[in-house]
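In this chain, residues are counted from 1 in sequence order. Both counts, for ligands and for their atoms, begin at 1 and track the order of listing.
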Amino acid sequence: MSDTFLKDSVTVSSLNHESDSLQIEALYKKAHEDRLEFWAEQAEAIDWFVPWENILSWNIPHAKWFENGKLNASYNCLDRHLGTPTALKKALIWEGERGEERCMSYQELYEEVSRFSDVLKKLGVKKGDRIAIYLPMIPEAVVAMLSSCRIGAIHTVIFGGFSAEALQNRIEDAGAKILITADGTYRKGKHICLKQTADQAIENTNSIEKVVVIKRTHESVHWNSSKDLWYHELMKEAKFASAEMMDAEDDLFILYTSGTTGKPKGIVHTTGGYMVSVTTTTRLVFDIQEDDIYWCTADVGWITGHSYVVYGPLSNGMSVFLYEGAADYPQKDRFWKMIEKYKITVLYTAPTAIRMFMKWGETWPHGADLSSLRILGSVGEPINPEAWMWYFENIGSNRCPVVDTWWQTETGSIMIAPIKGHGPLKPGSATRALPGIDAVIVDEQGQRASRGYLTISSPWPSMLRGIYKDPVRYQNTYWKDGRYFTGDGAMCDEDGYFWISGRIDDVINVSGHRLGTMEIESALVDYNLVAEAAVIGVFHPIKGQAITAFVSLKETATGSDELEDLLKKHVAMRIGSFAKPEKILFICDLPKTRSGKIMRRLLRDIAEGRVIGDQTTLADPTVVQEIKGLYQED
Ligand code: WT7
């Protein structure tokens, strides 16, 4: 990040009405002075069956927000809109990749969810049971999530791009009883048979009792009559099920994300705090208007999909657009044509997508009428100032503010982002922490600094409550110093704006997908010819980072293009195609310290063409020459 960007700021009038600014500054100030009171006020914006008795009880690292309050997330997204004009408003507007369209009003979505909740109950699902959801971006994905929490079950959504093995691991860790999937989906015109992957995943698991299958593509699937049930058949008999009364601290969902070890973490979110935070941040960051047609392009398999496709927007009664397929199918203007057609007002997408659109060229967006757009959001990875400006100029016609939103699976909701009335925007900066969020940068010694580790110093309502079944890992990963460590590096400028540089741990971000280097390494070493593997993220102009793997083979094997290919396929099988290394380099030995730790930093320096840092701890200095040699051959 260059300091020259700090001088360039963009003033967008819609973010900067003077009256808004005064109001917003007052809001920041108030939240700063009494954080708990601020959140208590925000909590009034959702419906409680029984009011809470205490805003927060905090016993580091265990938080209880809105203690003894009772509510239901599904009720907040649906029932509370009934009998208001929102009931007739579109809740979901869906377009399939082949151009199919479906719409559901809030009333209709409520009915669908109530009935599917009844189905789940009849299948024996009880409060606290886990339900695995492995679906494409279709309205039923939203229905499945809302039905699960309606009856007090805990959902774990697994992104449709995960392999059978990754799905199996998550199902097993969560001990899920029901799996909800579909016959398939379409991606770039190709049929992808999700049911087949789901079948493989549960072949050797005991926990899944029933598989509910949604007919999406009507392609034929293998049927296991002892477990499989068609969604549409089950729904024929269904009655309406009411929303269960849940405690504020009852689990709402588990979402698996990558960490610094090989095993993904099941991040646990609870009901009350999560609903308060996502409802508040959706309203503040996207400056919600009554007639918005809102499109967050994330898949429901990621946290962005949970918080800003489902819970945040629906709790606020917004019309949410969902798209099932690829951005370049049938042509590279698919997004822009849909924005024109549905008059989308808010677009929330990832820097990777923006950089891809940049590469495809302006002609595509310029060929569509994008005048309905009002706000542009960015999430998932640092947005470089060039991409920010391109988005601002070409998609937003210099009119729509670009809100860069920093947050994580663990934070549950947006933490750093501009809101209406905020001062000038600076391309590349997520600006300031939201009201009620205590973001602090600290140095190695844990002292406040202007550059260093990004931490959150006070609890916030949608903070993770733990790692499923692993309290020790929860404490050790995040709370070593009594502050929440985000794992990101950041800098704060003289205006208090944050500039996030990215992960400082062994987590990489490829196209906005979070992956643990150890996770990929474990997949590689589990191949019988591989002795050792080291994985790093290397700068990539579109994906942000690309995966490079360094592999040493067992004595009997030699590296070849065929083996590289086989290893890539192996990683795809273990995790999913999106985790395939872009490049695999075969080396005799990995660079290690004398104590045997792999020096990934050194590999990154060589791969990105930097001067190699401190090598004094390196056990065998000759490996550096070997690796450099590989790069020269390349
Ligand atoms: C990591 C979290 C937040 C939902 C999607 C990703 C990176 C996310 C930004 C941003 C710079 C960002 C961080 C973070 N990240 N948003 N606006 N600017 N970096 O959630 O998979 O949990 O990944 O994504 O490195 O730690 P996730």
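- Shown here is Arg448, whose CZ atom has no more than 12 heavy atoms of other residues, nucleotides or ligands within 6.0 Å.
- In this structure, Arg473 and Pro264 approach most closely via the heavy-atom pair NH1-O, 4.0 Å.
- Here the side chain of Asp495 pairs no donor or acceptor atom with the backbone of Tyr497 at under 3.5 angstrom.
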List the steps and the verdict of side chain to side chain donor-acceptor pair (under 3.5 Å) for Arg130 and Tyr468.
CA-CA 12 Å; Arg130 276 80 58 216; Tyr468 195 60; 3.1 Å; yes
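- Closer than 4.0 angstrom to ligand 1 by heavy atom are Ile303, Thr304, Val379, Gly380, Glu381, Pro382, Asp404, Thr405, Trp406, Trp407, Gln408, Thr409, Asp488, Ile500, Arg503, Asn509, Arg514, sorted by chain and number.
- In summary, Asp251 and Arg465 do not engage in a salt bridge, as defined by a charged side-chain N under 4.0 Å from a carboxylate O.
- For Lys469, the NZ atom counts as densely surrounded, since its 6.0 Å shell holds more than 12 non-hydrogen atoms of other residues, nucleotides or ligands.
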